[in-house]
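A quick write-up on the structure given underneath.
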2 protein chains.
Amino acid sequence: MKIDDAAAHLEALGNPTRLKIYRALIRAGGAGLAVGRLQEKLKIAPSTLSHHIKALVVVGLVTQVRDATTLICHANYEVMRELVGFLVAECCTESAETKDTKTAA
Amino acid sequence: MKIDDAAAHLEALGNPTRLKIYRALIRAGGAGLAVGRLQEKLKIAPSTLSHHIKALVVVGLVTQVRDATTLICHANYEVMRELVGFLVAECCTESAETKDTKTAA
DNA sequence: TCTATATTTCGATAATTCTAGAAATATAGT
DNA sequence: ACTATATTTCTAGAATTATCGAAATATAGA
């Protein structure tokens, strides 16, 4: 992961509303959560919610699958693992140097 | 760590310039790096750099120690570890639930 | 096709952030 | 006190982001 990508992911998560959305999706597990369910939980305007979800989708932290009129959102664990991997490798220890930051699969 | 604190830390790191500042400080190790050295490395206006450093200091990710006319910046590993701990505990696995997210020391 | 539900897009405003030049401040040497 | 170096604060403009109501779109059932 390149540093600008990492910054983009961090920025996406660096908003209280978006972090709460993401955490709710994590807690929902593999079943995911419909946009409407998120809206009930977070109690923000649908348009505002849609705006924030899109920010998470654009960087790949969240994916969406349609089920009839409902859109189910899923947290993308793999992308989060890559981000955490980057932080641990590049930003946590003194030994951090320019190396490939790949996920330890 | 509370979710709003985590969001604040993520927001601080969620800017390419600030993430580069932070990474440079990590790479500098325990000796830290003077503001002026950061300015040479990143080649941005001093006032802009100061602005970004402050954003990192405010959330505790960076600390500063004065050495005569020079200000040495240090990455605060502990705060980063807490943040990563939060992400791993709350945002990485399906088992994430409402628990205390303390650093595993 | 008409209706209902779910969600997004549009449009507009308020608020925040980024950027950087100029001036101010801090520290120390002469 | 004067000078030099290092850094911050002030100020301001441009750009981006957050918010939300209203309208538009997507899907499916009657």
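Residue numbers begin at 1 in each chain, while the letters A, B, ... track the order of the sequences.
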Answer whether the closest heavy-atom distance between the side chains of A:E90 and A:M1 falls below 4.5 Å.
no
Residue A:T69, side-chain atoms from C-beta onward, closest of C:dA6, C:dT19, C:dA20
C:dA6
Quick check on side chain to side chain contact (heavy atoms under 4.5 Å, CB included): which of A:T17, A:L13, A:L19 does A:N15 satisfy it with?
A:T17
What is the distance from CG of A:L42 to P of D:dT19, rounded to the nearest Å?
11 Å
Rounded to the Å, how far apart are B:R18 CZ and C:dT16 P?
15 Å
Atom CG of B:L71 and atom C1' of C:dA26 are separated, to the nearest Å, by 9 Å
Below 4.5 Å, heavy atoms only, C-beta onward: do A:I72 and A:L33 meet side chain to side chain?
no
Spacing of B:E11 atom CD relative to D:dT16 atom P, expressed in whole Å
17 Å
Pick base, sugar-phosphate or nothing for A:H51, based on heavy-atom distances below 4.0 Å to the nucleic acid.
base
Just the rounded figure in Å: distance from C1' of C:dT17 to CG of A:N15.
14 Å
DNA chain D: B:R66 or A:T48, which has the more 5' nearest nucleotide?
B:R66
Specify the separation, in whole Å, of atom CD of B:Q39 and atom P of C:dT19.
14 Å
Shortest side-chain distance from B:P46, nucleotide among D:dA6, C:dT5, D:dT8:
D:dT8
So if I take every side-chain heavy atom of B:A68 and compare against D:dA28, D:dA18, C:dT27, which nucleotide ends up nearest?
C:dT27
Can you tell me how far P of D:dA6 sits from CG of B:L49, to the nearest Å?
14 Å
Looking at every strand, decide which applies to A:A55 at a 4.0 Å heavy-atom threshold: base, sugar-phosphate, or nothing.
nothing
Rounded distance in Å - CD1 (A:I44) to P (D:dT19)
7 Å
Let me confirm one number: the CD1-CG distance from A:I21 to A:L61, rounded to the nearest 0.5 Å.
11.5 Å
Got A:L49 and A:V35 here, is their nearest side-chain heavy-atom distance under 4.5 Å?
yes
Respond yes when some side-chain nitrogen or oxygen of A:S50 is under 4.0 Å from OP1 or OP2 of C:dT8, and no when none is.
yes
Please determine if a side-chain N or O atom of B:Q64 lies less than 4.0 Å away from the OP1 or OP2 oxygen of D:dT8.
yes
What does B:T70 touch in the nucleic acid at a heavy-atom separation under 4.0 angstrom: a base, only the sugar-phosphate, or nothing?
sugar-phosphate
When all nucleic acid strands are considered with a 4.0 Å heavy-atom cut-off, which category describes B:R37: base, sugar-phosphate, or nothing?
nothing
Under 4.0 Å between a side-chain N or O of A:K54 and OP1 or OP2 of C:dT9?
yes
Confirm from the modelled atom types if B:S47 and C:dA20 form a donor-acceptor pair under 3.5 Å, side chain to base only.
yes
